[in-house]
Amino acid sequence: MELGLVGLGKMGGNMRERIRRAGHTVIGYDRNPDVADVHSLEELVGKLKGPRVVWVMVPAGAATQSTIDELAELLSPGDVVVDGGNSRWTDDEKHAVELGIKGIGFVDCGVSGGVWGLENGYALMYGGETANVEKVQPIFDALKPEGDFGSVHAGKVGAGHFAKMVHNGIEYAMMQAYAEGWELLEKVDSVTDVREVFRSWQEGTVIRSWLLDLAVNALDDDEHLDQLRGFAADSGEGRWTVEAAIDNAVPLPAITASLFARFASRQDDSPQMKMIAALRNQFGGHAVENKK
């Protein structure tokens, strides 16, 4: 099938390549002309045959809103817009109404996979009406990992981004647990090879995971993480998870504590945040701050 893809950064560019490898046609637009296939959204829409599917992969908030506003004026009834960025689920509900007035469908899709997704596939969580999801299904199938898992129609509009938000909240807590354990092991005199302790956990233990594998990768690159400053940003989804928990009276002590630990990293050079920063760089290519 044909797909218009808006936003060709670290995630979007690799997604374009994976979809093309599956045999689909992708017409990509980005404000960077060096990576774009067309020079404007109008040109992108004009090259697609109806009913069109346009996937948006730009930063959440104003950038997504302006892109959807422009697409609403360019697309036709029966077309579908997919928001695959990290938008808040409440924005999805608003976008679905705005596009629905013009007869344009809307699907929200949480995407996980980071810089590894091109080869490994992307875990996808999407929300929207079944008829709209079905129009995008060949693209979901191209992006997902091989096998029976890694893709889910999570529910109605907003469900995909809500599920991805909770996924990221869990990710916060898991990374924090590894980071705290690493700092404690580094602190005591009796443990002389912390990196190999982490490596030993990769097989046969109940805490083995891909995040643990990435922690070992980071320690192989910099055994004591001496080159990193103990600072880790938060993308916003951890905050949204905690806010949703408050709204629904659901206790999330581990996720909430991991979010607050990120805030603490902005006050001091936190050893735990070195590991969080290293893990985020490993799985998502997120920027790190090196020591001066």
Subject >> Test log, rule salt bridge (charged side-chain N to carboxylate O under 4.0 Å, His left out), inputs Glu237 and Lys164 >> reply: CA-CA 9 Å; Glu237 290 185 286; Lys164 176 59 163 47; 3.8 Å; yes

Original post:
Is the closest side-chain donor-acceptor distance between Gln65 and Lys94 under 3.5 Å?
Top reply: yes

Original post:
If you draw a 6.0 Å radius around CD in Glu93, do more than 12 non-hydrogen atoms from other residues or ligands fall strictly inside?
Top reply: yes

Original post:
Are Ile255 and Phe260 close enough that some pair of their side-chain heavy atoms sits under 4.5 Å apart?
Top reply: no

Subject >> Side chain proximity check, Asp220 to Arg199, heavy atoms < 4.5 angstrom >> reply: yes

Original post:
Under 6.0 Å from the CD atom of Glu42, do we count more than 12 heavy atoms belonging to anything else shown?
Top reply: no

Subject >> Cation-pi geometry met for Arg18 and Tyr122 (6.0 Å, 45°) >> reply: no

Subject >> Side-chain donor-acceptor contact under 3.5 Å, His224 with Glu186 >> reply: yes

Subject >> pair Phe283-Met175: side-chain heavy atoms closer than 4.5 Å >> reply: yes

Original post:
Below 4.5 Å, heavy atoms only, C-beta onward: do Val111 and Cys109 meet side chain to side chain?
Top reply: yes

Subject >> Test: Asp222 and Lys274 ion pair at under 4.0 Å >> reply: no

Original post:
In this structure, are over 12 heavy atoms from other groups packed under 6.0 Å from Arg31 atom CZ?
Top reply: no

Original post:
Does any donor atom in the side chain of Asp221 or Gln282 lie under 3.5 Å from an acceptor atom in the other side chain?
Top reply: yes

Original post:
Does a side-chain heavy-atom distance below 4.5 Å link Met57 with Leu5?
Top reply: yes

Original post:
Per the side chain to side chain contact (heavy atoms under 4.5 Å, CB included) rule, which among Ile139, Leu143, Val26 passes with Met15?
Top reply: Leu143

Subject >> Modelled atom types, side-chain donor and acceptor of His161 and Asp92, under 3.5 Å >> reply: yes

Original post:
Can a salt bridge be assigned to the pair Glu17 and Arg20 using a cut-off of 4.0 Å between side-chain N and carboxylate O?
Top reply: no

Original post:
Which word best sums up how the rings of His95 and Phe106 line up, parallel for under 30°, tilted for 30 to 60°, or perpendicular for over 60°?
Top reply: perpendicular

**OP:** Using a strict cut-off of less than 4.0 Å between a Lys/Arg side-chain nitrogen and an Asp/Glu carboxylate oxygen, indicate whether Asp79 and Lys135 qualify as a salt bridge.
**Re:** no

Original post:
With a 4.5 Å limit on heavy-atom distance, are the side chains of Gln272 and Gln176 in contact?
Top reply: yes

Original post:
Under 3.5 Å, is there a donor-acceptor pair linking the side chains of Thr241 and Tyr172?
Top reply: no

**OP:** Assess the side chains of Asp91 and Ser87: does a donor N or O sit below 3.5 Å from an acceptor N or O?
**Re:** no

